[in-house]
Amino acid sequence: MIRRSIAVVVAASAFGVAGCSDGDSGGATGATTTTTEAAPMVDGLDFAAGSEVELDDGWVVAPCESGPPLFCAKRAGSDETESVIELMEYPTASYSTIKEVLRRGGSSVEALRAEAAEFHEVFAKDRPSGCGSGYRVEPFGPDDATVAGRPGVVYGFDGHQGGRRVERALQFATIEGDTVAIIATSAVEDGTCMDDGERAEFAVAELADLQPAIIQMVAASRLP
């Protein structure tokens with residue numbers, strides 16, 4: 001299933017749900033509750049050298065054809081990319097909210113929480129604007145999480161339309177030195193507003209089922 005989510009990256013003001021594209025296509029966009037501190041029970045992704053990780057229910061995550069930091073999620077034994085998990089990195093200096101919280105003596109997690117709240121505000125306006133007034137964004141997080149062995153946050157949103165959940169954005173963020181690192185994935189239902197037939201994304205139920213394992217995988221991952 002190849003589908004695309006309309007992606008917005010607001011590097012200076014809010015975390016973006018972003019997608020990379022290569023021959024496998026990708027996207028990033030998120031259950032209303034998250035389990036953030038479970039001890040890792042699955043291996044992590046190596047965003048520098050590449051690695052292969054087996055998740056629940058026969059899912060395998062491995063580098064896409066373009067290589068890391070873009071990873072493709074496939075069913076075991078299948079060559080079809082079902083979704084992607086990607087790493088995005090931006091200068092901390094490009095985030096005015098993060099800079100201000102850190103300037104006032106706040107912790108990196110406090111700064112990330114403030115930026116995640118801004119992310120929610122952006123998409124609460126963006127989705128109804130692009131998909132109609134009946135499209136409702138339900139934020140979740142930010143919650144404390146381990147991201148590649150560092151303190152971070154997990155957050156995102158569910159998109160609802162026509163009485164059903166049609167989208168989920170799931171993102172993790174941490175600060176390493178002068179860089180904000182974001183690990184993201186997404187889910188979009190076929191034939192809905194955010195599906196344009198190009199990018200590969202989980203079905204919402206698939207991402208909901210895999211989310212606990214993804215949280216563990218992100219905790220154990222390695223940044224470049």
Side-chain angles (χ1 to χ4, degrees), residues 5 15 17-20 22 24-78 80-89 108-109 112 116 140-158 168-176 179-188 199-224:
S5 83
F15 295 129
V17 178
C20 297
D22 66 354
D24 294 288
S25 61
T29 69
T32 54
T33 60
T34 56
T35 303
T36 60
E37 295 301 328
M41 298 175 64
V42 298
D43 293 331
L45 298 176
D46 188 331
F47 285 102
S51 58
E52 182 175 302
V53 176
E54 295 183 5
L55 299 179
D56 299 334
D57 299 325
W59 287 94
V60 176
V61 182
C64 299
E65 289 182 4
S66 61
L70 187 64
F71 283 78
C72 289
K74 302 178 181 181
R75 294 283 189 178
S78 172
E80 182 179 2
T81 296
E82 300 287 347
S83 191
V84 299
I85 298 171
E86 61 183 324
L87 169 68
M88 299 166 283
E89 296 180 299
S108 63
V109 170
L112 292 167
F140 61 84
D143 296 318
D144 291 353
T146 300
V147 180
R150 298 165 174 79
V153 295
V154 56
Y155 58 97
F157 65 84
D158 288 337
R168 171 171 292 183
L170 177 63
Q171 300 203 164
F172 303 81
T174 190
I175 296 176
E176 181 184 20
T179 299
V180 176
I182 300 169
I183 299 171
T185 191
S186 62
V188 170
R199 286 205 171 173
E201 294 175 284
F202 292 112
V204 172
E206 290 172 340
L207 181 52
D209 289 344
L210 286 172
Q211 188 160 316
I214 291 174
I215 288 170
Q216 295 172 357
M217 181 177 68
V218 167
S221 291
R222 294 167 292 285
L223 299 179

### Task
Would you sort out whether W59 and R75 count as a side chain to side chain contact (heavy atoms under 4.5 Å, CB included), showing the intermediate values?
CA-CA 5 Å; W59 287 94; R75 294 283 189 178; 3.2 Å; yes
### Query
Below 4.5 Å, heavy atoms only, C-beta onward: do C64 and V84 meet side chain to side chain?
yes
### Task
List the steps and the verdict of side chain to side chain contact (heavy atoms under 4.5 Å, CB included) for D56 and D209.
CA-CA 9 Å; D56 299 334; D209 289 344; over 6 Å; no
### Message
I214 vs L207, test: side chain to side chain contact (heavy atoms under 4.5 Å, CB included). Steps then yes/no.
### Response
CA-CA 9 Å; I214 291 174; L207 181 52; 3.7 Å; yes
### Query
Can you tell if the side chain of F172 reaches within under 4.5 Å of the side chain of T185, non-hydrogen atoms only?
no
### Query
Can S186 and E201 be counted as having a side-chain donor-acceptor contact under 3.5 angstrom?
yes
### Message
If you compare all heavy atoms of G50 against all heavy atoms of P63, which two are closest, and at what distance to 0.1 Å?
### Response
CA-CG, 3.8 Å
## Note on the structure
For D46 and F71 the tightest heavy-atom approach is O-CZ, 3.3 Å
### Task
Measure across D43 and A220 and return the closest heavy-atom pair with its distance rounded to 0.1 Å.
C-CB, 4.3 Å
## Note on the structure
On a heavy-atom basis, the closest approach of T81 and A200 is O-CB, 3.6 Å
### Query
Between the main-chain N or O of A148 and the side-chain N or O of S221, is there a donor-acceptor pair closer than 3.5 Å?
no
### Query
Which atom names give the shortest non-hydrogen contact between A49 and P68, and what distance separates them?
C-CG, 4.2 Å
### Message
Looking at every heavy atom in both V153 and P142, which two are closest together, and how far apart are they?
### Response
CB-CB, 4.1 Å
### Query
Under the 3.5 angstrom rule, does the side chain of S83 hit a backbone N or O of F202 as a donor-acceptor pair?
yes
### Task
For the pair R150 (side chain) and A173 (backbone), establish whether a donor and an acceptor sit closer than 3.5 Å, ignoring hydrogens and angles.
no
## Note on the structure
Output for pair (L55 CG, Q216 CD), nearest 0.5 Å, gives 9.5 Å
#### Entry: Straight-line distance of L112 CG to Q171 CD, nearest 0.5 Å
12.0 Å
### Message
Tell me whether E89 at atom CD has more than 12 heavy atoms from other residues, nucleotides or ligands lying less than 6.0 Å away.
### Response
yes
### Task
Please answer whether the main-chain N or O of E80 pairs with a side-chain N or O of S78 as donor and acceptor at a distance below 3.5 Å.
yes
### Query
Could you walk me through whether T174 and L223 pass the side chain to side chain contact (heavy atoms under 4.5 Å, CB included) check?
CA-CA 10 Å; T174 190; L223 299 179; 4.3 Å; yes
### Query
Do F47 and I183 have side chains that get closer than 4.5 Å, going by heavy atoms?
yes
